[in-house]
Amino acid sequence: MIQASNIRDGVRAGLPLILPTFAGGIAFGVLAQPIMGSVAPVVMSLVVFSGAAQFAAVTVLAAGGGALAAIAAGMLMNARWLPMGFAMGPFLSRRPLFRAAQSQALVDASFALSSRGDGTYDRGILFGATLPQFFAWSTGTLAGVLLGDALADPSSFGLDAIFPAFFLVLLFGEARGREPLTAVLLGTGIALALMPFAPPGIPVLAASTAALIGLRGAKTRTEVTA
Amino acid sequence: MTAAWITIAVLFVGTALSKAAGPLTTGGKRPSGTALRVTRLVAPAILAALVAYETLSNDGHGLVVDARVVGLGAAALAILARAPMIVTVLLAAAATALTRALI
């Protein structure tokens with residue numbers, strides 16, 4: 001069952017992200033408008049709703065690349081939904097069609113917020129936290145398309161630091177205990193090692209493999225108790 | 001123009017499928033103990049990578065140390081001082097903006 005109170009908790013948890021998501025939407029609208037016109041960027045934010053993938057694809061188009069290269073860049077960013085989907089999948093609805101529909105609420109911050117820390121995920125939190133981000137992202141894109149360069153650069157307000165800070169708060173909550181802490185250090189190491197040369201999207205995807213240390217942890221624990 | 005709409009259409013379907021792939025594969029049954037030991041580490045591992053990526057990424061091309069690092073440092077101090085989430089993220093933004101204004 002999805003508890004309405006969980007959705008409310010999720011909305012509340014997602015509220016700090018309205019400002020940076022709106023700013024991100026503006027930046028996307030400003031970038032995309034000269035290339036795609038005024039309607040396409042807003043449609044893209046409504047139906048694709050994956051900030052990283054949209055930025056990656058439109059950056060390719062802006063540099064004169066074709067649709068195929070743009071799609072490839074976007075799909076690389078989308079690769080991270082695979083490990084997240086595998087982790088959270090069992091905690092969505094029991095009916096496959098509903099599960100597929102509910103999975104569309106997956107975004108980075110909502111996924112992290114919905115983690116209960118014991119391997120289970122709260123889908124009410126996922127839906128609730130995604131709602132404000134969805135509205136902020138699409139209305140931000142519209143504002144960027146309409147107002148364009150007339151708007152101040154969000155980076156001069158430091159808004160681009162809000163997402164990493166938000167993730168850091170969640171990280172402090174998640175990194176309790178030896179195994180989660182090891183996963184954090186390993187995930188950071190993998191991302192930093194790959195960032196200098198791997199294409200965008202790969203560092204975050206590869207870092208998710210740090211979770212596999214949970215398999216080894218199972219064995220160690222039996223040894224300790226034995 | 002056409003390239004844009006083709007990109008949007010394919011990414012619409014591609015994004016939806018990437019998000020649905022995991023949940024359609026796992027089914028709705030509660031995972032075993034071993035699987036839970038792995039899934040509980042997916043969020044911390046990905047969060048750690050997101051912090052590193054969003055603080056140090058040079059628009060997807062390598063690493064760069066800039067004002068965002070100061071913002072993240074401010075956030076870390078705020079977290080240690082047990083500041084609420086909204087205070088922490090606003091402090092991070094303010095510290096980053098201030099650094100950009102000064103240098």
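Quick caveat, the model's predicted, so the values are computed rather than measured. Reminder, nothing fancy here: chain letters follow the sequence lines and each chain counts from 1.
Interface residue A16(B): backbone and side-chain heavy atoms are both found under 4.5 Å from chain A. Interface remark: M88(A) contributes no atoms to any contact with chain B (heavy atom separation under 4.5 Å). Neither the backbone nor the side chain of F197(A) comes within less than 4.5 Å of any heavy atom in chain B. Heavy atoms of L61(A) lying under 4.5 Å from chain B belong exclusively to its side chain. With a 4.5 angstrom heavy-atom cutoff, T182(A) does not touch chain B via any of its atoms. Only the side chain of F172(A) comes within less than 4.5 Å of a heavy atom of chain B; its backbone N, CA, C and O stay farther away. Residue A95(B) does not touch chain A at all, counting heavy-atom pairs closer than 4.5 Å. Interface remark: L92(A) contributes side-chain atoms only to the contact with chain B (heavy atom separation under 4.5 Å).
Judged as a ring-ring contact (aromatic ring centres under 6.0 Å, His included), and not counting sequence neighbours, the contacts of F55(A) are F28(A). With sequence neighbours left out, F134(A) forms a ring-ring contact (aromatic ring centres under 6.0 Å, His included) with F49(A).
Counting heavy-atom pairs under 4.5 Å between each of G173(A), P164(A), A207(A) and chain B puts P164(A) at the top. Interface summary for chain B: among L97(A), L159(A), D118(A), the most heavy-atom pairs under 4.5 angstrom belong to D118(A). Ranked by non-hydrogen atom pairs under 4.5 Å with chain B, the options V47(A), L17(A), T188(A) are led by V47(A). Counting heavy-atom pairs closer than 4.5 Å to chain A, the top residue among V69(B), L50(B), L24(B) is L50(B). Here G27(B) is the residue among G14(B), P31(B), A20(B), G27(B) with the most heavy-atom pairs under 4.5 Å with chain A. Between chain A and the residues L80(B), T96(B), I79(B), the most heavy-atom pairs under 4.5 angstrom are made by I79(B). Between chain B and the options A79(A), P90(A), G89(A), the largest number of non-hydrogen pairs under 4.5 Å is found for P90(A). With chain A as partner, the option from A52(B), S18(B), S57(B) having the largest number of non-hydrogen pairs under 4.5 angstrom is S18(B). The candidate with the highest count of non-hydrogen atom pairs below 4.5 Å against chain A, out of A43(B), A75(B), A35(B), is A43(B). Most heavy-atom pairs under 4.5 Å with chain B: of the set A67(A), S208(A), A175(A), A191(A), this distinction falls to A67(A). Heavy-atom pairs under 4.5 Å with chain A peak, among L11(B), L63(B), D59(B), L98(B), at L11(B). Chain B forms the most heavy-atom pairs under 4.5 Å with one residue out of I190(A), L15(A), V43(A), and that residue is V43(A).
Residues of residues 83-93 of chain B having a heavy atom under 4.5 Å from any heavy atom of chain A, listed by number: M85(B), I86(B), T88(B), V89(B), A92(B), A93(B).
Side chain of Y121(A) to main chain of T39(B): a donor-acceptor pair is present (N/O by atom type, distance under 3.5 Å, no hydrogens or angles). Judged by distance alone, the side chain of R123(A) and the main-chain N or O of F91(A) form a donor-acceptor pair under 3.5 Å. Checked by atom type and distance alone, the side chain of S114(A) pairs as donor or acceptor with a backbone atom of F111(A) at under 3.5 Å. Counting only distance, with no hydrogens or angles, the side chain of K19(B) and the backbone of S103(A) share no donor-acceptor pair below 3.5 Å.
Within the structure, the side chain to side chain donor-acceptor pair (under 3.5 Å) test picks out the following pairs touching residues 75-86 of chain A (sequence neighbours left out): S50(A)-N78(A), N78(A)-W81(A), N78(A)-T15(B), R80(A)-D108(A).
For P199(A) against L76(A), the heavy-atom pair with the smallest separation is CB-CD1, 3.7 Å.
Counting non-hydrogen atoms of other residues, nucleotides and ligands closer than 6.0 Å to CG of L181(A) gives a total above 12.
The closest side-chain donor-acceptor pair between T21(A) and W137(A), if any, does not fall under 3.5 angstrom. S110(A) and T130(A) form a side-chain donor-acceptor contact under 3.5 Å, judged by distance and modelled atom types alone.
Once rounded to the nearest 0.5 Å, the distance linking CG of L192(A) with CG of L56(B) reads 6.5 Å. We find the CG-OH distance between L194(A) and Y53(B) to be 11.5 Å, quoted to the nearest 0.5 Å. E179(A) contributes atom CD, which lies 5.5 Å from atom CG of L41(B) (distance to the nearest 0.5 angstrom).
A salt bridge links R68(B) with D66(B); the closest basic N to acidic carboxylate O contact falls under 4.0 Å.
Between F163(A) and F167(A), the two ring planes are tilted [angle within 30° to 60°].
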